[in-house]
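Computation of the quantities below employed the complete heavy-atom set of this structure, encompassing side-chain atoms and omitting hydrogens, waters and symmetry-equivalent molecules.
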Amino acid sequence: MKKRAVILISIVCFTSCNYFFKQVDDRNPIARVNETYLYQEDIQHLLTEGITQEDSTIRVTNFINQWATEQLLVAGARVNLNEQKLNEFDKMAEDYKKDLYASAYLEALVTRSIDTVVSIQEAQTYYQENIGIFNLNEDLIKFRYIQLDENRFDTADIKKKLERYNVQDKRDLDSIAVQFKSYSLNDSIWIKVNQVIDKIPAITTENKNQLLKKSNFIQLKDSLGLYLMHINDVLERNNTAPLEYVKPTIDQIVINKRKLELIKELEKDITKDAIKNKKFEIYN
């Protein structure tokens, strides 16, 4: 009898303590679907600065309605789908979560360890071994250009220097470049012709072929000013892209290959370490 009384008292104490220490959710609910609540803190990200009260209300209302629809659909699925299907979905969700964790962990390890510098020699080797994949699908040019006010007193001198472009000419044009409406004096890099056409409104479908003539000097004007251009070099589509143009792409390819190789090594090392430290065992 005494033993039963002790058990009864223990149960009562446990129940009372459990009730006493039960945490009260003091968050402010703003919507409910069945037993699931949406709280004020869940919509804080919607209340950004600079938004009007009307827009804020619309944004919050739309979010609440979307949340409610999602909760109702999930609840309906749990009631109407068979247990096998629900278990299948739960497993898919769990597998996806594991993949996210594993990928994030490996990405952190790789980021900390990987060498992201690709030497010109390494890029050159990859370029030569895979040169067949580097065909151009657009026209490229190397050129320099200046946009001026049409009525400048020194236009003839600027034109002469841009066309001749010796060492002193480069210095002179660089020194007054802030006076130009726009300019590009680095004629050692390849640029897409379409980018040039977008940049310079005076180039039209009628005169754009002038851009594809090597060593050609072009002078055009429109209501915005005078454009002086010198075409230094040309590479038309279907030619092999030059190494300096595709180097950024090659860098990314090489780094991605390194990343995949490093991930394989890390996975092996992690498994070996787990076996060594008795964290991973296979039972026969």
Side-chain angles (χ1 to χ4, degrees), residues 6-7 10-11 13-27 34-39 41-46 66-67 70-71 73-134 241 243-284:
V6 170
I7 293 173
S10 298
I11 293 173
C13 286
F14 177 79
T15 305
S16 300
C17 291
N18 192 47
Y19 177 81
F20 182 79
F21 288 109
K22 184 178 180 181
Q23 292 185 343
V24 177
D25 194 339
D26 58 356
R27 291 178 296 171
N34 297 321
E35 300 306 315
T36 303
Y37 291 85
L38 183 70
Y39 295 95
E41 63 190 45
D42 297 325
I43 63 166
Q44 283 303 121
H45 65 285
L46 301 173
Q66 186 176 357
W67 171 85
E70 184 178 79
Q71 296 299 321
L73 288 172
V74 170
R78 293 196 179 282
V79 170
N80 292 286
L81 295 179
N82 61 54
E83 187 174 350
Q84 180 182 348
K85 203 67 173 174
L86 291 173
N87 290 337
E88 182 182 324
F89 288 154
D90 287 341
K91 184 179 183 305
M92 288 172 62
E94 186 63 27
D95 289 344
Y96 180 62
K97 183 172 75 171
K98 291 175 183 176
D99 286 343
L100 285 177
Y101 285 167
S103 297
Y105 179 52
L106 283 172
E107 185 68 28
L109 293 176
V110 167
T111 300
R112 190 169 60 191
S113 308
I114 196 167
D115 178 10
T116 57
V117 177
V118 180
S119 67
I120 188 64
Q121 292 82 7
E122 192 172 4
Q124 177 77 46
T125 299
Y126 186 89
Y127 178 75
Q128 293 295 342
E129 290 175 351
N130 300 275
I131 199 164
I133 69 173
F134 294 116
L243 174 59
E244 63 266 33
Y245 183 73
V246 295
K247 173 81 164 49
T249 301
I250 292 176
D251 289 353
Q252 196 58 55
I253 292 171
V254 171
I255 292 170
N256 285 341
K257 286 182 65 178
R258 289 179 187 171
K259 186 179 290 188
L260 291 174
E261 291 167 2
L262 184 55
I263 286 173
K264 288 180 182 178
E265 291 178 13
L266 288 169
E267 288 175 338
K268 289 179 182 178
D269 290 343
I270 289 170
T271 305
K272 286 180 182 178
D273 186 64
I275 293 172
K276 180 181 176 181
N277 293 297
K278 307 295 185 183
K279 294 180 179 179
F280 170 39
E281 293 179 287
I282 299 177
Y283 301 112
N284 294 324

Has [X] got a side-chain atom pairing as donor or acceptor with [Y]'s backbone, closer than 3.5 angstrom?
X	Y	answer
D273	D269	no
N87	E83	yes
N82	Q84	yes
N34	T36	no

Any idea which heavy atoms bring [X] and [Y] closest together, and the distance?
X	Y	result
A77	L86	O-CD2, 3.8 Å
I253	Y126	CG2-OH, 3.3 Å
Y283	E281	OH-OE1, 3.6 Å
A123	K247	CB-CD, 3.5 Å

Checklist entry - Do other residues, nucleotides or ligands put more than 12 heavy atoms under 6.0 Å from Q66 CD? => result no

Would you compute the distance between atom [atom1] of [X] and atom [atom2] of [Y] and round it to the nearest 0.5 angstrom?
X	Y	atom1	atom2	result
L38	W67	CG	CH2	5.0 Å
E265	S113	CD	OG	10.0 Å
L100	E107	CG	CD	12.5 Å
D251	T116	CG	OG1	9.5 Å
T125	Q121	OG1	CD	8.0 Å
K97	M92	NZ	CE	15.0 Å

Item to check | Qualifying residue for side-chain contact (heavy atoms from CB on, under 4.5 Å) with L109, from L262, I114, I263, I270 | outcome: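 Output: one option passes, namely I270.
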
Item to check | Qualifying residues under salt bridge (Lys or Arg N to Asp or Glu O under 4.0 Å), relative to D99, sequence neighbours excluded | outcome: none

Checklist entry - Taking only residues two or more places apart in sequence or in another chain, which ones pass salt bridge (Lys or Arg N to Asp or Glu O under 4.0 Å) with E122? => result R258

Checklist entry - Is the shortest distance from a Lys or Arg side-chain nitrogen in K91 or E94 to a carboxylate oxygen in the other one below 4.0 Å? => result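 Looking at E94 together with K91, the answer is no, because their closest N to O distance does not fall below 4.0 Å.
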
Item to check | Working for side chain to side chain contact (heavy atoms under 4.5 Å, CB included), residues Q128 and L243 | outcome: CA-CA 9 Å; Q128 293 295 342; L243 174 59; over 6 Å; no

Item to check | L81 and F89: CA distance, side-chain angles, deciding distance, side chain to side chain contact (heavy atoms under 4.5 Å, CB included) verdict | outcome: CA-CA 11 Å; L81 295 179; F89 288 154; 3.8 Å; yes

Checklist entry - Quick one: are I250 and F134 in side-chain contact, heavy atoms under 4.5 Å? => result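 Yes, at least one pair of side-chain atoms sits under 4.5 Å.
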
